Enquirer: 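Mind looking over this structure? Questions follow.
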Amino acid sequence: MVTAIGLVLMFLLAQATNNRAFYERNYERLLGINVVVAVVLVLVIGWVAYRLLSRLRQGKFGSRLLVKLAAIFALVGVVPGVLVYVVSYQFVARSIESWFDVKVEGALDAGLNLGRATLDSLSEDLMNKTKASGAQLANVSDAGAGLVLERIRDQLGATDVVLWSSSGQLIAGAGASRFQLSPERPTSQQLRQVRADRAIAHIEGLDEIPAPGGAAPPPASVRAIALVQRQGFEFNTEPRFLQVTQPLPPAVVANALAVQEANREYQERALAREGLRRMYIGTLTLTLFLAVFGAVLLAVLFGNQLARPLLVLADGVRQVAGGDLRPTVVLQGKDELGGLTRSFAVMTQQLAEARGAVEKTMGELDAARSNLQTILDNLTSGVIVLHADGVIASTNPGATRVLRAPLAAYEGQRLSDVPGLSDFAQGVQQQFDDFEVERLQHGLDHWQHAFELHAAGDAMVEDTINIVARGAELPGATRLLVFDDISEIVSAQRAQAWGEVARRLAHEIKNPLTPIQLSAERLEMKLSGKVAAPEQTVLTKSVKTIVDQVDAMKRLVNEFRDYARLPAADLKAVDINALVTDILHLYPAENASVALRPELDERCPPIRADAQQIRQVIHNLLQNAQDAAEVNAGRTGHAGEVVIRTRLAESGQRVRLTVQDSGAGFAEHILKRAFEPYVTTKAKGTGLGLAVVKKIADEHGARIELSNRVVDGAVVGAQVSLSFALAGGPQGAVTHTEDSKSSAT
């Protein structure tokens, strides 16, 4: 492959020497690439030579034959290449000098001088004619100068004749200048020179050599300017200037430009002839190197093709002798050596198939065991294999997660020895004992039972785990125990049940409340003024107590109704920062016992939410946070603060709303059930605030998190975080990318 690349590059290098433009643009690049290819070829040849010498020293079969064949082919390719190089070098070194001849250079100089003399003669002639024509305008006024200029243009065969004032203003014109709004005027330097020399002439357009493929420059012309003295005008004797423009013959211009361009190219090549000679010799030398290196590589390649069948057979015999029955290399050639390698490969394959049949059976057994272990490790359900006496044989990670105990460390010990699982182990053992009896009677293949485990937390408060377990007998007097954590399902069922209770309770209680209140008020109205003063006091106090308690029951019923019949969310684009700012106006600092500090991220875009429901969420969270901070301040004497924060997630797809307090935090068992109805730490609370917040969050497809704020191992408060989707995001619940991070940040 490298040899083929080198040949292509060498062809392009040869094309560059024949095409001057291509040569100037790409020669150095092509030469550099060829040098790189040559270096690669040298490295490849060195690597091949090293391998051949190593095989020769190791005494491998066929090495001497391969070295001999490679040397023969290399000599066949290298010797003719060297002879061609010597002849070509002499030709290139001497032929370049013949390109540059003194006679050619003298002819080009003579042509340039002839062209300059011709152009100078034309300029001198036009200048004299212009000076003579100026005499015709000596006694002509400015108004009558136009006719005289037309006559002069016809006499001189000019394309343009213009009469200028001494200040450079156009007086009259004939020819092309009549159609120009502002014809080109002589420069101040030219006017001064005309005053000194009486007349001047210069050639325009010869310096603008057209570029290849570009627009043609304006035609070359001779421009002469002569001084015109006025005679017979008493008050205006300022001189005037006559300007005549005459085109040059196209043939003269074309020949002058051709001679000029040829002389320039000749001088460039004369200056670079030494470089050209070095370039051609370098190209020739590089060609030799590439040819020699390619010949050596091809020699090694062809020699290897001849010796390869013998090497394949020798290597195959050593493999089979060492017990290696892997398929050997098969050569596709039609000669006798290729057929021998194919026969040897068939024999090796038959031996390998006989041994592979045994290994396949063992591999399938190991794969089945590995697959079973992988399935067990990735199951969310817990799996424990027990002996008949209750000793743990094996467990999976799911069992540790569900039971929250390091079961892997207790393998080989009884399940009842695991801290906190003695009751569970006793219940499981009882279920297996009962299962033994029922299986014989009813032909059951497994048992299923629900357990409620109680684990002590850090606050010495019991944490309840609801699990459902299934058991079955395994061969070898072992038992299989599979269980799942259904705490969240139980919690959801409990929330649904509380919602139904709240709905019915609100319906049953609210109906008699209004008649009770109206009857008490009517009784007070009828009896007021008709009883003695002591009885009137008792009556007023009793009616007030009835009305106040009815109002309290109405508020409680309204909370039940709001939780049980929360309306569906009307999701629209909501500016969360503006909504928080509007709500904070209802919590003025002068009336607040706990400071309220907002930290709003200005980058937050609008979210998809129901503004009224989110307002209710923020009110509930702020009131809970203030209550917790007030209670803690009364206990510790330290006035804390409540922080409400908005933040755009790093992914830019979610907005997080966080409310932090400086209270005492939540107990561990409350953290796990805080969003369930009627779970509260307040003495006067109903326990529906966070339940309503959770229900609204679910309606919005938002994720809600509740946690304690811990600093240096001590709880310094609690926080609630909600993550909302952006207004332009997809409908429904989405994956919470940033929610995988701890909300305590």
Side-chain angles (χ1 to χ4, degrees), residues 112-143 145-146 148-153 155-211 215-231 233 235-250 252-253 256-257 259-261 263-264:
L112 285 176
N113 294 332
L114 178 60
R116 293 193 187 98
T118 301
L119 295 176
D120 291 342
S121 175
L122 293 174
S123 300
E124 184 71 21
D125 180 64
L126 182 61
M127 182 179 66
N128 294 331
K129 291 180 180 179
T130 302
K131 187 187 301 184
S133 299
Q136 300 179 27
L137 296 170
N139 298 322
V140 177
S141 64
D142 293 346
V148 178
L149 293 179
E150 285 289 347
R151 186 169 59 250
I152 294 174
R153 188 173 73 88
Q155 293 174 354
L156 299 181
T159 58
D160 190 29
V161 180
V162 183
L163 184 62
W164 302 95
S165 66
S166 60
S167 61
Q169 298 296 324
L170 177 66
I171 297 174
S177 61
R178 290 184 302 173
F179 306 102
Q180 298 178 358
L181 295 178
S182 57
E184 182 181 0
R185 65 181 62 187
T187 63
S188 300
Q189 182 179 0
Q190 290 175 342
L191 295 179
R192 287 195 298 270
Q193 187 176 356
V194 172
R195 286 190 179 97
D197 299 338
R198 309 293 294 179
I200 63 172
H202 61 276
I203 297 176
E204 298 179 346
L206 284 181
D207 295 334
E208 301 178 2
I209 300 175
S221 60
V222 181
R223 179 171 293 181
I225 304 175
L227 182 65
V228 178
Q229 293 290 351
R230 305 189 66 180
Q231 299 177 4
F233 293 89
F235 300 103
N236 187 6
T237 60
E238 292 184 357
R240 296 178 294 181
F241 300 92
L242 176 62
Q243 176 181 298
V244 178
T245 303
Q246 186 180 56
L248 289 174
V252 174
V253 174
L257 292 177
V259 173
Q260 182 179 353
E261 179 66 16
N263 184 68
R264 184 184 64 80

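Side chains included, hydrogens not; waters and symmetry mates left out as well; all remaining heavy atoms used. A quick note: this is a predicted structure, and the numbers were derived from the prediction, not measured.
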Enquirer: Any idea which heavy atoms bring Leu191 and Pro186 closest together, and the distance?
Expert: CD2-CB, 3.9 Å
Enquirer: How far does CH2 of Trp164 sit from CZ of Arg240, to the nearest 0.5 angstrom?
Expert: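 Those atoms lie 14.0 Å apart.
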Enquirer: Around atom CD of Glu184, are there more than 12 heavy atoms from other residues, nucleotides or ligands closer than 6.0 Å?
Expert: no
Enquirer: Are the side chain of Gln136 and the backbone N or O of Val148 linked by a donor-acceptor pair below 3.5 Å?
Expert: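 Looks like no, no N/O pair under 3.5 Å.
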Enquirer: Less than 4.5 Å apart, side chain to side chain, heavy atoms only: is that true for Val161 and Thr130?
Expert: no
Enquirer: Please check if the side chain of Ser121 supplies one atom and the backbone of Ala117 the other of a donor-acceptor pair under 3.5 Å.
Expert: no
Enquirer: Which value, rounded to the nearest 0.5 Å, describes the distance between Leu126 atom CG and Leu248 atom CG?
Expert: 9.5 Å
Enquirer: Any side-chain heavy atom of Thr159 sitting closer than 4.5 Å to one from Ser221?
Expert: no
Enquirer: Once side-chain hydrogen bond (donor to acceptor under 3.5 Å, both in side chains) is applied, do any residues pair with Lys129, and if so which ones, sequence neighbours excluded?
Expert: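 Listed in chain order: Asp125.
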Enquirer: Enter the distance from Ile152:CD1 to Leu137:CG here, rounded to the nearest 0.5 Å.
Expert: 4.5 Å
Enquirer: Report yes if some heavy atom in the side chain of Phe241 is under 4.5 Å from a heavy atom in the side chain of Leu227; otherwise report no.
Expert: yes
Enquirer: Which pair of heavy atoms, one from Ala224 and one from Met127, lies closest together, and at what distance?
Expert: CB-CA, 3.9 Å
Enquirer: Heavy-atom distance under 4.5 Å between the side chains of Gln190 and Gln243, does that happen here?
Expert: no
Enquirer: Do Ser133 and Leu156 have side-chain heavy atoms sitting under 4.5 Å apart?
Expert: yes
Enquirer: Determine the minimum heavy-atom distance between Ala145 and Leu163, stating which atoms define it.
Expert: CB-CD2, 3.7 Å
Enquirer: Would you call Leu122 and Pro249 a side-chain contact if the rule is heavy atoms closer than 4.5 Å?
Expert: yes
Enquirer: If you measure from CD1 on Ile225 to CZ on Arg223, what distance do you get to the nearest 0.5 Å?
Expert: 7.0 Å
Enquirer: Tell me, please, which residues at least two apart from Ser166 pass side-chain hydrogen bond (donor to acceptor under 3.5 Å, both in side chains).
Expert: Glu238
Enquirer: Less than 4.5 Å apart, any side-chain heavy atom of Leu119 and any of Val222?
Expert: no
Enquirer: Quick check: closest heavy atoms across Ser123 and Ala201, and the distance to 0.1 Å?
Expert: O-CB, 3.5 Å
Enquirer: Compare every heavy atom of Ala174 with every heavy atom of Asp160, then report the nearest pair and how far apart it is.
Expert: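 Heavy-atom minimum between the residues: OD1-O, 3.0 Å.
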